[in-house]
Amino acid sequence: MRIRPVLAVPAVAAALLLAASASTAVAAPSSPAGAPSPKAAAPAKCTAKALSLRAERSSDARVLHLRVTNRSARACTVDRIPTVTFGDLDGAALPKPAGESGPYRLPAGRTAYASVLTIADRADPEARRVRSVTVSADPSLAGRSFTARELGAGATVRVWEPVTTWWKPSVAAADRALGLR
């Protein structure tokens, strides 16, 4: 089964890399009083406590709808590709479109959506069956597991070459990214 390996860059390594590059940079002159900053500070990475994750089966039994809500009072970032793993199978759903990890800004109180195609053909003899699906808004966060029953899928979820969309502003946009609408 083709899957995306779940990799996370430790925050400490990223901080050391940023600190090293900042120490070699030359200080730029500050902006005059009242003038806008040339580059606004990027929002911090979302914490697990700031996020609410939900997942449910769509009207198409092959598709799961995911949503992540920023419950904090400030904008924060999650990875633009949700990490979706299936029971005890190795790896994660592949992103569609293909791409690398990167930040996705989630304003305070707002929700982002993704769609996951777990299997193209439910009758596929190669299909695996799992009792749970785990979803994380960022590979550095533990995420949340949903049983097949919680998802509305019965006893198991059928999986073969799963793909996930990047986070989108609506369910319709996520479904369009999969070619469903």
Side-chain angles (χ1 to χ4, degrees), residues 1-10 45-71 76-106 110-181:
M1 176 166 75
R2 285 180 279 178
I3 48 179
R4 175 173 68 118
V6 180
L7 299 175
V9 176
K45 190 176 253 190
C46 297
T47 64
K49 286 177 68 173
L51 300 175
S52 171
L53 284 167
R54 302 256 186 235
E56 62 190 11
R57 193 179 80 172
S58 76
S59 58
D60 181 337
R62 305 169 303 150
V63 177
L64 300 177
H65 285 152
L66 313 179
R67 65 181 185 244
V68 60
T69 302
N70 177 359
R71 298 182 304 180
C76 59
T77 62
V78 295
D79 195 279
R80 68 178 158 204
I81 304 167
T83 302
V84 185
T85 58
F86 300 88
D88 59 355
L89 301 177
D90 291 337
L94 294 169
K96 183 177 180 178
E100 298 296 322
S101 293
Y104 180 88
R105 186 178 186 277
L106 193 55
R110 298 295 299 269
T111 301
Y113 304 87
S115 293
V116 180
L117 182 64
T118 63
I119 189 167
D121 177 6
R122 291 181 49 80
D124 191 327
E126 301 279 345
R128 304 294 186 258
R129 289 168 177 78
V130 297
R131 296 184 191 275
S132 65
V133 175
T134 302
V135 178
S136 180
D138 194 282
S140 66
L141 301 175
R144 179 176 169 198
S145 290
F146 299 89
T147 66
R149 292 202 193 284
E150 288 174 310
L151 295 169
T156 61
V157 174
R158 292 175 186 231
V159 182
W160 187 252
E161 297 182 344
V163 294
T164 182
T165 65
W166 296 13
W167 291 114
K168 303 290 183 185
S170 69
V171 172
D175 281 352
R176 278 192 304 276
L178 282 181
L180 298 175
R181 291 188 186 200

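Heavy atoms only: backbone and side chains are in, while hydrogens, waters and symmetry mates are out.
For the pair D138/C46, no side-chain contact is recorded, criterion being any heavy-atom separation below 4.5 Å from C-beta on. Considering only heavy atoms from C-beta on, R57 comes within 4.5 Å of L64 through its side chain. Two residues are said to be in side-chain contact when any heavy atoms from C-beta on lie closer than 4.5 Å; T164 and I81 meet this criterion.
Distance check, rounded to the nearest 0.5 Å: CD of E126 to CD1 of I119 gives 9.5 Å. How far CZ of R131 is from CD of E150: 14.0 Å, rounded to the nearest 0.5 Å. Taken to the nearest 0.5 Å, the CZ atom of F146 stands 7.5 Å off from the CZ atom of R54. How far CZ of R128 is from CG of D88: 11.0 Å, rounded to the nearest 0.5 Å. Interatomic distance, L66 CG to T165 OG1, rounded to the nearest 0.5 Å: 7.5 Å. To the nearest 0.5 Å, atoms CG (L106) and OG1 (T111) are separated by 7.0 Å.
S101 places no side-chain N or O within 3.5 Å of a backbone atom of D79 that could act as its donor or acceptor partner. Between the T134 side chain and the T85 main chain, no donor and acceptor come within less than 3.5 Å of each other. Judged purely by atom type and a 3.5 angstrom limit, T118 uses its side chain to pair as donor or acceptor with the backbone of R62. Not a single donor-acceptor pair under 3.5 Å links the side chain of R129 to the backbone N or O of T156. Proximity of a side-chain donor or acceptor of W166 to a complementary backbone N or O of P95 within less than 3.5 Å is not detected.
Annotation: R71, atom CZ; neighbour count of heavy atoms from other residues, nucleotides and ligands within 6.0 Å is above 12. Under a cut-off of 6.0 angstrom, the local environment of CD in E100 is sparse, with at most 12 non-hydrogen atoms contributed by other residues, nucleotides or ligands.
Of all the heavy atoms in V135 and A55, the pair that sits closest is CG2-CB, 4.5 Å. The two atoms that bring Y113 and R67 nearest to each other are CD2-CB, 3.7 Å, heavy atoms only. Closest heavy-atom contact between S136 and L141: OG-O, 3.0 Å. Summarising the geometry of A112 relative to Y104, their closest heavy-atom pair is CB-CE2, 3.7 Å, with the distance given to 0.1 Å. Of all heavy-atom pairs spanning H65 and S58, the tightest one is CE1-CB, 3.3 Å. L178 and L117 get closest at one heavy-atom pair: CD1-N, 3.9 Å.
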